Amino acid sequence: MLQVSYIRDNREQVLERLAVKNFKQPQLVDEIIKLDDNRRSTQTSMDNVSAQANAAAKQVGELMRTGKKAEAEELKSTTGAWKEEIKNLGEQLNAIEEELQQKLVLLPNLPHSTVPKGITPEENEIVLENGAIPALPATALPHWELAAKYNLIDFELGVKITGAGFPVYKGKGAKLQRALINYFIDEAEKAGYGEVMVPLLVNEASAYGTGQLPDKEGQMYFAGVDNLYLIPTAEVPITNMYRDVILKAEELPVKNCGYTPCFRREAGSYGAHVRGLNRLHQFDKVEIVQVAHPDRSYEMLEQMSLHVQGLLQKLGLRYRVLRLCGGDMSFASALTYDMETWSAAQQRWLEVSSVSNFESFQSNRLKLRFRNAEGKTQLAHTLNGSALALPRIVATLLENNQTETGIKIPDVLVPYTKFDWID
RNA sequence: GGAGAGGUGUCUGAGUGGUCGAAAGAGCACGCCUGGAAAGUGUGUAUACUUCAAAAGGGUAUCGAGGGUUCGAAUCCCUCCCUCUCCGCCA
């Protein structure tokens, strides 16, 4: 959520930035400013009447104490009109604030100045490409066939137990999952991210805090009896640890990492591109999250991007980094890098990580602040990234490392898997 | 699931109708003291909105949330939420 004061002070710039994000309702900006004007004047009127009423109440007390009952009674009789007015103004104010809030949550975050214009994924900017293109045998298989051939993942069994998109990992397939999780967590800790293990269900306030509500309600599984949402990403519980928190400036940046399963309904996305591990309803992910000083958040974003790239390099995967264009970015992000690995058997790029700076868009909702050099509270910046999401990493690893005789495990993972071949 | 207790500032904790944004202590910050530190001592120490060109200053709101009674509510009444304890069940 953008800050109203910022919108007021930078109207032109806000409109210009929203256009980069291809935002369709620029009139909202002026509507918001107008509502805020209205809010202010109503608030001022109400405060003035309240001040009068408060003063009178104090005076009544004083008169009673000094025994001037008649005067007190007289004063009492005059306060009725004020009460009525305060009530009316209060109702008006509530209505205005509600409408303002409703419009405010419709505005996406403003894209950073380096975000390219564009609408479709094709217009994303390729920042760099790295790693060798694997040479596969002519008999190379896509991962879902490899998974079946080596008995690593049973998609059908998952359908029986739960439904499509909930695979069962078996044997070395299951061990590979655990190995990757532990490897990613260890690497994140080495990079200074403190590990946390968080709840997989969150309440409404948390879902709202990171922006899943109100707009993306349909994406989350919902446990209605207890009013809890299954997390679509660890970002939600981890970032919400800092909801309503005022940090000291010297505590920044706060760096956390955590492993969780992630649950996404992915309503309406079916087809050839979502076969196998390409898109699941439940998947595993290690997330890195930072709360940063506004002056340094972009530096931190680069640091996070390099961390993710380091993982891909160590796993020996060919990857590329994209700077998302305005139209392809998420609602809450100011700048997003997507990392994609090259799936040699599917002959396509697969998104395995997304690293974003949300600036103060989330922290404004979360009321996540720090005390700045002047001793005043200021909104902190929040960032997060996948480091990494497992399924497409597994897909690429299986496909790119396949040989006639089996699948080679990358050296860095062998201490975790305790085996170096799947055969 | 049954029964009970309770939600006050960074924390502990007082406060049952006015002088309460709130005692006291702890913590923290700054100063004094000291060769330096501890102890001691002094001062300060919530958040948001608003007014003001800005600062200073002023106003309003907030003692779990919402509503009510009253000239006036942390304090009384109602509804909801949450936490804790005991019992039951249980990984």
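To find a chain, count down the sequence lines: A is the first, B the second, and so on, and within it residues start at 1. Only heavy atoms go into these numbers, but all of them, side chains included; no hydrogens, no water, no symmetry mates. Not measured: the values here are computed from a predicted model.
Between the P atom of B:C80 and the CG atom of A:Asn227 lies a distance of 16 Å, rounded to the nearest Å. For the pair A:Asn203 CG and B:G64 P, the interatomic distance rounds to 20 Å; values are reported in whole Å. Rounding to whole angstrom units, CZ of residue A:Arg243 and C1' of B:G64 are separated by 14 Å. Rounded to whole Å, the distance from CD on A:Gln43 to P on B:G59 is 15 Å. If you take NZ of A:Lys76 and C1' of B:U70, they are 8 Å apart, rounded to a whole angstrom. A:Arg371 has its CZ atom 8 Å from the C1' atom of B:A46, to the nearest Å. The CG-P distance, from A:Asn94 to B:A65, rounds to 15 Å in whole Å. Atom pair A:Gln52:CD and B:G72:P shows a separation of 14 Å (rounding to whole Å applied).
A 4.5 Å side-chain heavy-atom check between A:Gln212 and A:Glu217 finds every atom pair outside the cut-off.
Rounded to whole Å, the separation between the C1' atoms of B:G7 and B:U75 comes to 15 Å. Nucleotides B:G9 and B:C80 place their C1' atoms 25 Å apart, quoted to the nearest Å. Taking atom C1' in both B:G58 and B:G15, the straight-line distance is 29 Å, to the nearest Å. Look at the P atom in both B:U34 and B:G21: the space between them is 42 Å, to the nearest Å. B:U62 and B:A22: their P atoms are spaced 14 Å apart (whole Å). Here, B:U8 and B:G1 have their C1' atoms 32 Å apart, quoted to the whole Å. The separation of B:G44 from B:A24, taken at their P atoms, amounts to 11 Å, rounded to a whole angstrom. Taking atom P in both B:C90 and B:G6, the straight-line distance is 31 Å, to the nearest Å.
Counting non-hydrogen atoms under 4.0 angstrom, A:Ala56 reaches nothing in the nucleic acid. Using a 4.0 Å heavy-atom distance criterion, A:Asn48 is classed as making no nucleic acid contact. At a threshold of 4.0 angstrom between heavy atoms, the contacts of A:Ser77 with the nucleic acid are absent.
The pairing partner recorded for B:A14 is none, the criterion being a Watson-Crick or G-U wobble arrangement whose two distances lie under 3.5 angstrom. If you check B:G27 for Watson-Crick or wobble pairing at under 3.5 angstrom, you find it paired to B:U45. Using N1 to N3 plus N6-O4 or O6-N4 for Watson-Crick, or N1-O2 and O6-N3 for G-U wobble, each under 3.5 Å, B:U70 pairs with nothing. Base pairing annotation: B:A38 forms no Watson-Crick or G-U wobble pair, as no partner gives both donor-acceptor distances under 3.5 Å. Across all strands shown, nothing is found opposite B:C20 as a Watson-Crick or G-U wobble partner with both distances under 3.5 Å. Nucleotide B:G1: paired with B:C87 (Watson-Crick or G-U wobble, both distances less than 3.5 Å). Under the Watson-Crick or G-U wobble criterion, with both distances below 3.5 Å, B:G6 is paired with B:C82.
No hydrogens or angles considered: a donor-acceptor pair under 3.5 Å links the side chains of A:Tyr242 and A:Asn256.
Between A:Arg40 and the phosphate of B:U51, there is a side-chain N or O to OP1/OP2 separation shorter than 4.0 Å. Distances shorter than 4.0 Å separate none of the side-chain N or O atoms of A:Asn54 from OP1 or OP2 on B:G59. Taking side-chain N and O atoms only, A:Arg39 has a distance below 4.0 Å to OP1 or OP2 of B:U50.
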message: Is there a side-chain hydrogen bond (donor to acceptor under 3.5 Å, both in side chains) between A:Tyr193 and A:Glu287? Walk through the geometry before answering.
response: CA-CA 10 Å; A:Tyr193 296 88; A:Glu287 184 81 357; over 6 Å; no

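Salt-bridge check for A:Arg11 with A:Asp30: passed, with a basic side-chain N closer than 4.0 Å to an acidic carboxylate O. Salt bridge A:Glu31/A:Lys34: absent, no basic N to carboxylate O contact under 4.0 Å. Ion pairing of A:Asp37 with A:Arg8 is present here, as a side-chain N (NZ or NE/NH1/NH2) and a carboxylate O approach within less than 4.0 Å.
Interatomic distance, A:Ser113 OG to A:Leu335 CG, rounded to the nearest 0.5 Å: 8.5 Å.
Heavy-atom distances to RNA chain B give each of A:Ser50 and A:Glu97 a nearest nucleotide, and the one nearer the 5′ end belongs to A:Glu97. Along RNA chain B, the nucleotide closest to A:Gly61 and the one closest to A:Ser41 are compared, and the more 5′ of them pairs with A:Gly61.
When distances are taken from the side chain of A:Met64 to each of B:A48, B:C71, B:U50, the shortest belongs to B:C71. Comparing atom distances between the A:Lys376 side chain and each of B:U60, B:A55, B:U47 picks out B:A55 as nearest. Of the candidates B:G59, B:U47, B:G18, B:G18 carries the atom nearest the A:Ala57 side chain, counting heavy atoms from C-beta on. Distance from the side chain of A:Thr377 is smallest for B:A48 among the nucleotides B:A48, B:G18, B:U60. Comparing B:U47, B:U50, B:G59 by their closest approach to the side chain of A:Ala51 singles out B:G59.
For A:Lys248 and A:Phe370, the positive end is not near the middle of the six-membered ring at less than 6.0 Å and at most 45° from its axis.
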